[in-house]
Amino acid sequence: MQTIYIIVNSDMKREIITYPNPLLLKISDEVEAVGDEIRELLDDMVETMYADDGIGLAAPQVGINLRAIVVDIRKGDSDLLQMINPEIISSDGIEIMEEGCLSVPGMLVRVERAAEVVVRYLNINGKESEIEAEGLLAVALQHEIDHLDGRLIIDGVSRLKKDLYTRKVKKARGER
Ligand code: CO
């Protein structure tokens with residue numbers, strides 16, 4: 001007898017790629033049609049973000065160069081955002097926070113960003129939506145959207161600190 005397993009809605013944790021993987025430095029492509037494939041990717045990204053205790057994740061971080069992000073700063077039960085083709089349409093003020101990134105493990109960088117942003121995006125049903133954000137949510141959205149343009153928090157650190165970090169990760173991997 002053969003047992004057939006049908007796996008329903010199996011959100012899977014994916015592997016997070018880390019600096020200096022070149023996929024993290026590419027400009028990601030727009031999602032042209034919102035269908036099951038992109039929804040599955042977004043669900044997997046949520047699973048991955050929660051498993052690694054992050055508050056945001058962008059598709060390039062799981063090796064997919066598409067414009068899709070997830071963010072959950074966990075202030076409430078309904079804060080999860082899954083965004084397709086997100087775009088900052090206005091911004092205001094200045095906010096400086098110390099940021100970390102799952103793709104740049106072990107590094108914290110003070111980054112200057114807008115304090116308030118309005119982001120336009122498609123939701124998982126392909127509906128055009130807008131969100132106004134400030135504080136940590138605004139920072140998280142800008143951080144994730146940066147990933148879609150190949151920008152990382154490490155871009156803002158000094159050459160010396162960057163070189164030290166690169167050497168450290170290569171050493172940890174047994175490379176020279
Ligand atoms: Co990041």
Side-chain angles (χ1 to χ4, degrees), residues 9-74 78-95 97 99-105 107 109 111-156:
N9 193 21
S10 61
D11 301 341
M12 263 177 37
K13 183 182 172 332
R14 300 201 188 191
E15 194 189 331
I16 294 182
I17 60 173
T18 55
Y19 178 86
N21 189 310
L23 292 179
L24 291 169
L25 310 177
K26 283 180 63 176
I27 294 182
S28 290
D29 295 325
E30 295 250 328
V31 174
E32 289 190 1
V34 179
D36 286 342
E37 233 167 280
I38 191 77
R39 280 190 281 270
E40 198 179 302
L41 170 65
L42 282 161
D43 285 345
D44 287 357
M45 285 165 58
V46 170
E47 196 73 11
T48 309
M49 170 177 71
Y50 289 151
D52 287 303
D53 210 22
I55 61 169
L57 196 71
Q61 293 182 274
V62 294
I64 310 280
N65 284 110
L66 283 176
R67 303 188 80 83
I69 63 171
V70 296
V71 171
D72 187 352
I73 60 165
R74 270 166 257 174
S78 56
D79 282 340
L80 174 65
L81 290 165
Q82 293 179 295
M83 306 167 113
I84 298 158
N85 299 339
E87 194 187 343
I88 294 167
I89 56 168
S90 74
S91 58
D92 196 21
I94 292 175
E95 172 91 61
M97 279 194 200
E99 299 178 22
C101 179
L102 293 172
S103 291
V104 193
M107 182 171 268
V109 184
V111 183
E112 183 179 307
R113 300 201 185 270
E116 291 166 41
V117 291
V118 178
V119 177
R120 184 179 290 160
Y121 63 101
L122 298 176
N123 72 12
I124 53 167
N125 299 312
K127 184 171 175 274
E128 191 171 288
S129 313
E130 258 179 46
I131 186 172
E132 259 184 74
E134 55 174 26
L136 180 59
L137 181 58
V139 167
L141 287 168
Q142 291 168 85
H143 176 120
E144 300 316 327
I145 291 170
D146 264 2
H147 274 294
L148 306 181
D149 292 318
R151 286 194 295 266
L152 300 171
I153 53 170
I154 196 167
D155 296 344

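The structure presented is a predicted model; accordingly, all values stated were derived computationally and were not measured. Throughout, numbering of the chain's residues begins at 1 and tracks the sequence.
The two residues Asn123 and Ile84 have their closest heavy-atom pair at O-CD1, 3.6 Å. Taking all atoms of both residues into account, the shortest heavy-atom contact from Ala114 to Glu95 is O-CB, 4.0 Å. When all heavy atoms of Ala59 and Leu41 are compared, the closest pair comes out as CB-CD2, 4.2 Å. Considering all non-hydrogen atoms of both residues, Glu116 and Glu134 come closest at CG-CB, 3.9 Å. Pro86 and Val119 get closest at one heavy-atom pair: CB-CG1, 4.0 Å. Taking each heavy atom of Asn65 and Leu23 in turn, the nearest pair found is ND2-O, 3.0 Å.
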Quiz prompt | Candidate pair Ser91 and Val117, rule side-chain contact (heavy atoms from CB on, under 4.5 Å), full reasoning | solution = CA-CA 4 Å; Ser91 58; Val117 291; 3.9 Å; yes
Self-check item: side-chain contact (heavy atoms from CB on, under 4.5 Å) between Glu99 and Val109, intermediate numbers included
Solution: CA-CA 5 Å; Glu99 299 178 22; Val109 184; 5.7 Å; no
Exercise. Determine, stepwise, if the pair Arg113 / Asp146 fulfils side-chain contact (heavy atoms from CB on, under 4.5 Å).
Key: CA-CA 11 Å; Arg113 300 201 185 270; Asp146 264 2; 3.0 Å; yes
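Side-chain contact between Tyr19 and Ser103 is absent, with no heavy atoms from C-beta onward closer than 4.5 Å. Side-chain contact between Tyr50 and Val70: absent, with no pair of heavy atoms (C-beta onward) separated by less than 4.5 Å. Taking the side chain as every heavy atom from C-beta outward, Gln61 and Glu144 approach each other to under 4.5 Å. Side-chain contact check for Thr48 versus Leu102: every heavy-atom pair is 4.5 Å or farther apart. Looking only at side-chain heavy atoms (C-beta outward), Ile145 and Gln142 stay at 4.5 Å or farther from each other. You'll find the side chain of Ile55 reaches within 4.5 Å of the side chain of Leu136, heavy atoms only. With a 4.5 Å cut-off on side-chain heavy atoms, Lys26 and Pro60 do not count as touching. Counting heavy atoms from C-beta outward, Met49 and Leu80 have side chains that approach closer than 4.5 Å.
Residues Glu130 and Arg120 are paired through a salt bridge, judged by an N-O separation under 4.0 Å between the basic side chain and the carboxylate. Comment: Arg14 does not engage Asp52 in a salt bridge, judged by the lack of any side-chain N to carboxylate O separation of less than 4.0 angstrom. Between Asp149 and Arg67, at least one side-chain N (NZ, or NE/NH1/NH2) sits under 4.0 Å from a carboxylate O, which counts as a salt bridge.
Put simply, the residue from Val62, Asp72, Ile69 that forms a side-chain contact (heavy atoms from CB on, under 4.5 Å) with Leu57 is Val62.
Taking CE from Met83 and CD1 from Ile124, the interatomic distance works out to 12.5 Å, rounded to the nearest 0.5 Å. To the nearest 0.5 Å, atom CG of residue Asp36 and atom CZ of residue Arg39 are 5.0 Å apart. Interatomic distance, CG of Asn85 versus CG of Leu122, reported as 5.5 Å (0.5 Å rounding). In this structure, the separation between OG on Ser129 and CG on Leu81 is 9.5 Å, given to the nearest 0.5 Å. To the nearest 0.5 Å, the span separating CD on Glu32 from CD1 on Ile38 amounts to 11.5 Å.
With Asp43 contributing its side chain and Glu40 its backbone, the two residues share no donor-acceptor pair below 3.5 Å. In this structure a side-chain-to-backbone donor-acceptor pair under 3.5 Å is present from Asp44 to Met12.
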